*Asks:* 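This is the structure I have questions about; it appears just below.
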Amino acid sequence: MGIASLPPGLEGNFIEVSSGGGSSWLAFNTKRLYTNAFIIQDDKILLGYKKRGFGVHKYNGFGGKVEQGETAVQAAARELQEEAGITAPLEHYGTFLFVTEGGPDWAFQIEIFRAEEYSGTLIETDEMRFQWFATPNVGVGIPETTVVSAAAQAVVELLPIPFDSMWESDRYWIPLLLSKRHFIGRTDFKSVGETFTLEKWWFGEIGAREW
Ligand SMILES: CNc1ncnc2c1ncn2[C@@H]1O[C@H](COP(=O)(O)OP(=O)(O)OP(=O)(O)O)[C@@H](O)[C@H]1O
């Protein structure tokens with residue numbers, strides 16, 4: 001797989017990680033910028049359950065539209081503060097395009113950020129209810145009889161990332177984000193009413209030469 005296989009709208013030198021679905025990509029006119037931010041610590045990831053608006057009832061990172069005069073990282077920081085009450089040293093890890101058949105004629109361009117630390121106290125907001133989930137390596141090799149600290153015990157009891165209650169394409173790029181691999185991608189959905197179904201996707205990571 002080379003550069004020639006990149007979906008329309010993506011540019012650069014990337015190595016394919018995952019792809020699938022139908023044979024043709026949807027057309028779109030323009031792109032609108034959105035952000036999505038995750039706090040990822042040793043063995044856990046912070047998600048929010050969306051209580052209203054676009055993506056309602058799904059778990060996701062914290063984010064929203066990039067407003068006029070804002071950079072993506074500024075918007076990501078503002079949305080994290082508005083939706084979860086915290087600040088964090090966000091680092092950019094990925095970008096993907098999201099196009100919907102039966103939806104808008106523009107593509108969402110979603111800029112993905114992560115941080116390991118945060119400041120402030122997490123709050124539930126009108127838009128998001130925060131919840132920590134265990135990243136896949138958590139709990140492995142801890143026998144039931146082992147005595148662990150209260151903090152470690154709390155981690156062991158976290159639920160795994162709820163991919164079945166997230167955007168269907170999250171399962172292809174969240175692992176890249178967890179392992180700190182810089183990525184791009186594209187994900188085309190079909191929407192019927194409120195229901196979105198994944199039709200075609202492509203995700204790739206930045207080759208070692210570009211680091
Ligand atoms: C496959 N598709 C997708 N996969 C993963 N995440 C997706 C997504 N499509 C949208 N998202 C995120 O969903 C939020 C919507 O934001 P949204 O609430 O509409 O924005 P914002 O808070 O500015 O709006 P309002 O002020 O409420 O109008 C925002 O984080 C955006 O990145």
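This chain uses plain numbering: 1 for the first residue, then up along the sequence. None of the values given here were measured: they were computed from a predicted structure. Both counts, for ligands and for their atoms, begin at 1 and track the order of listing. Values reported hereafter were calculated over all heavy atoms of this structure, with side chains retained and with hydrogens, waters and symmetry mates removed.
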*Asks:* Taking only heavy atoms of Glu79, which atoms of ligand 1 are found under 4.0 Å from at least one of them?
*Replies:* 22 (O), 23 (O)
*Asks:* Got a salt bridge between Arg181 and Glu205, using NZ or NE/NH1/NH2 to carboxylate O under 4.0 Å?
*Replies:*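 A salt bridge links Arg181 with Glu205.
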*Asks:* Counting non-hydrogen protein atoms only, what is the nearest one to atom 5 (C) of ligand 1? Give residue, atom name and distance.
*Replies:*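 Atom 5 (C) of ligand 1 sits closest to the protein heavy atom Trp167 CD1, 3.5 Å.
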*Asks:* Return yes when atom NZ of Lys50 has more than 12 non-hydrogen atoms of other residues, nucleotides or ligands closer than 6.0 Å, and no otherwise.
*Replies:* yes
*Asks:* Is the Lys NZ or Arg CZ of Lys31 less than 6.0 Å from the centre of Trp106's six-membered ring, within 45° of the axis?
*Replies:* no
*Asks:* Tell me whether the centres of the aromatic rings in Phe189 and Trp167 are closer together than 6.0 Å.
*Replies:*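 Yes, ring centres under 6.0 Å apart.
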*Asks:* Do any heavy atoms of Arg52 fall under 4.0 Å from ligand 1?
*Replies:*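 It does not; every heavy atom stays at 4.0 Å or beyond.
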*Asks:* Should you measure from each heavy atom of Glu127, which atoms of ligand 1 turn up under 4.0 Å away?
*Replies:*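 Near Glu127, meaning under 4.0 Å from one of its heavy atoms, ligand 1 has 18 (O), 22 (O).
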*Asks:* For the pair Lys58 and Asp164, find out whether any cationic side-chain nitrogen is under 4.0 Å from an anionic carboxylate oxygen.
*Replies:*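 Between Asp164 and Lys58 there is no salt bridge, as every charged N stays at least 4.0 Å from the carboxylate O atoms.
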*Asks:* With a 3.5 Å cut-off and no angle check, do the side chains of Glu79 and Gln81 form a donor-acceptor pair?
*Replies:*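 Result is no, nothing qualifies.
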*Asks:* Mind checking whether Glu83 has a heavy atom under 4.0 Å from ligand 1?
*Replies:*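 It does, in that a heavy atom of Glu83 comes within the 4.0 Å cut-off of ligand 1.
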*Asks:* Which of the numbered atoms in ligand 1 are below 4.0 angstrom from a heavy atom of Thr35?
*Replies:*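 Answer, ordered by atom number: 29 (C), 30 (O), 31 (C), 32 (O).
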*Asks:* So if I count the atoms of ligand 1 from 1 in the order they appear, which ones are less than 4.0 Å from some heavy atom of Phe189?
*Replies:*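 Near Phe189, the atoms of ligand 1 are 1 (C).
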*Asks:* Which residue holds the protein heavy atom closest to atom 8 (C) of ligand 1, what is that atom called, and what is the gap in Å?
*Replies:*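 Going by distance alone, atom 8 (C) of ligand 1 is nearest to Ile110 CD1, 3.4 Å.
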*Asks:* Does only the side chain of Asn60 get under 4.0 Å from ligand 1, or the backbone, or both, or neither? Count heavy atoms.
*Replies:*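 Asn60 to ligand 1: side-chain contact only, backbone stays beyond 4.0 Å.
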*Asks:* Between Trp202 and Arg186, is there a cation-pi geometry (under 6.0 Å to ring centre, at most 45° from the normal)?
*Replies:*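 No; the conditions do not both hold, so Arg186 does not lie above the ring face of Trp202.
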*Asks:* Select one of side chain, backbone, both or neither to describe which atoms of Lys50 lie under 4.0 Å from any atom of ligand 1, heavy atoms only.
*Replies:* side chain
*Asks:* Do the side chains of Arg114 and Glu116 get close enough for a salt bridge, i.e. N-O under 4.0 angstrom?
*Replies:*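 Looking at Arg114 and Glu116, the cut-off is met.
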*Asks:* Any idea which part of Trp201 is under 4.0 Å from ligand 1, heavy-atom wise: side chain, backbone, both or neither?
*Replies:*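 Answer for Trp201: neither.
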*Asks:* Under a 4.0 angstrom heavy-atom cut-off, which atoms of ligand 1 come close to Phe96?
*Replies:* 4 (N), 5 (C)
*Asks:* Looking at Met166 and Ile174, what are the two nearest heavy atoms and their distance?
*Replies:* CE-CD1, 4.3 Å
*Asks:* Considering only heavy atoms from C-beta outward, does the side chain of Phe183 approach that of Phe14 to under 4.5 Å?
*Replies:*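 The answer is no, as the side chains (C-beta and beyond) never meet within the 4.5 Å cut-off.
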*Asks:* Would Glu168 count as a contact residue for ligand 1, given that I'm defining contact as a non-hydrogen atom of the residue lying under 4.0 Å from a ligand atom?
*Replies:* no
*Asks:* Ignoring hydrogens and geometry beyond distance, is a side-chain donor-acceptor pair present between Trp201 and Ser19 at under 3.5 Å?
*Replies:*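 Not at all, the side chains of Trp201 and Ser19 share no donor-acceptor pair under 3.5 Å.
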*Asks:* Among protein heavy atoms, which lies nearest atom 16 (O) of ligand 1, and at what distance?
*Replies:*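 For this ligand atom, the closest protein heavy atom is Gly64 CA, 3.6 Å.
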*Asks:* Atom 24 (O) of ligand 1: which protein heavy atom is closest, and how many Å away?
*Replies:*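 Of every protein heavy atom, Lys65 NZ, 3.1 Å lies nearest to atom 24 (O) of ligand 1.
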*Asks:* Can you report which non-hydrogen protein atom sits closest to atom 19 (O) of ligand 1, along with the distance?
*Replies:* Phe54 CB, 3.8 Å
*Asks:* Can you pull out the closest protein heavy atom to atom 14 (C) of ligand 1? Residue, atom name and distance to 0.1 Å, please.
*Replies:*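 Result for atom 14 (C) of ligand 1: Gly63 O, 4.2 Å.
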*Asks:* Heavy-atom distance under 4.5 Å between the side chains of Phe38 and Asn60, does that happen here?
*Replies:*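 Yes - at least one pair of side-chain heavy atoms lies under 4.5 Å apart.
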*Asks:* Phe196: heavy atom below 4.0 Å from ligand 1, yes or no?
*Replies:*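 For ligand 1, residue contact (heavy atoms, under 4.0 Å) with Phe196 is absent.
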*Asks:* Should Ser169 be listed as contacting ligand 1, given a heavy-atom distance under 4.0 Å as the test?
*Replies:*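 Yes, Ser169 has a heavy atom closer than 4.0 Å to ligand 1.
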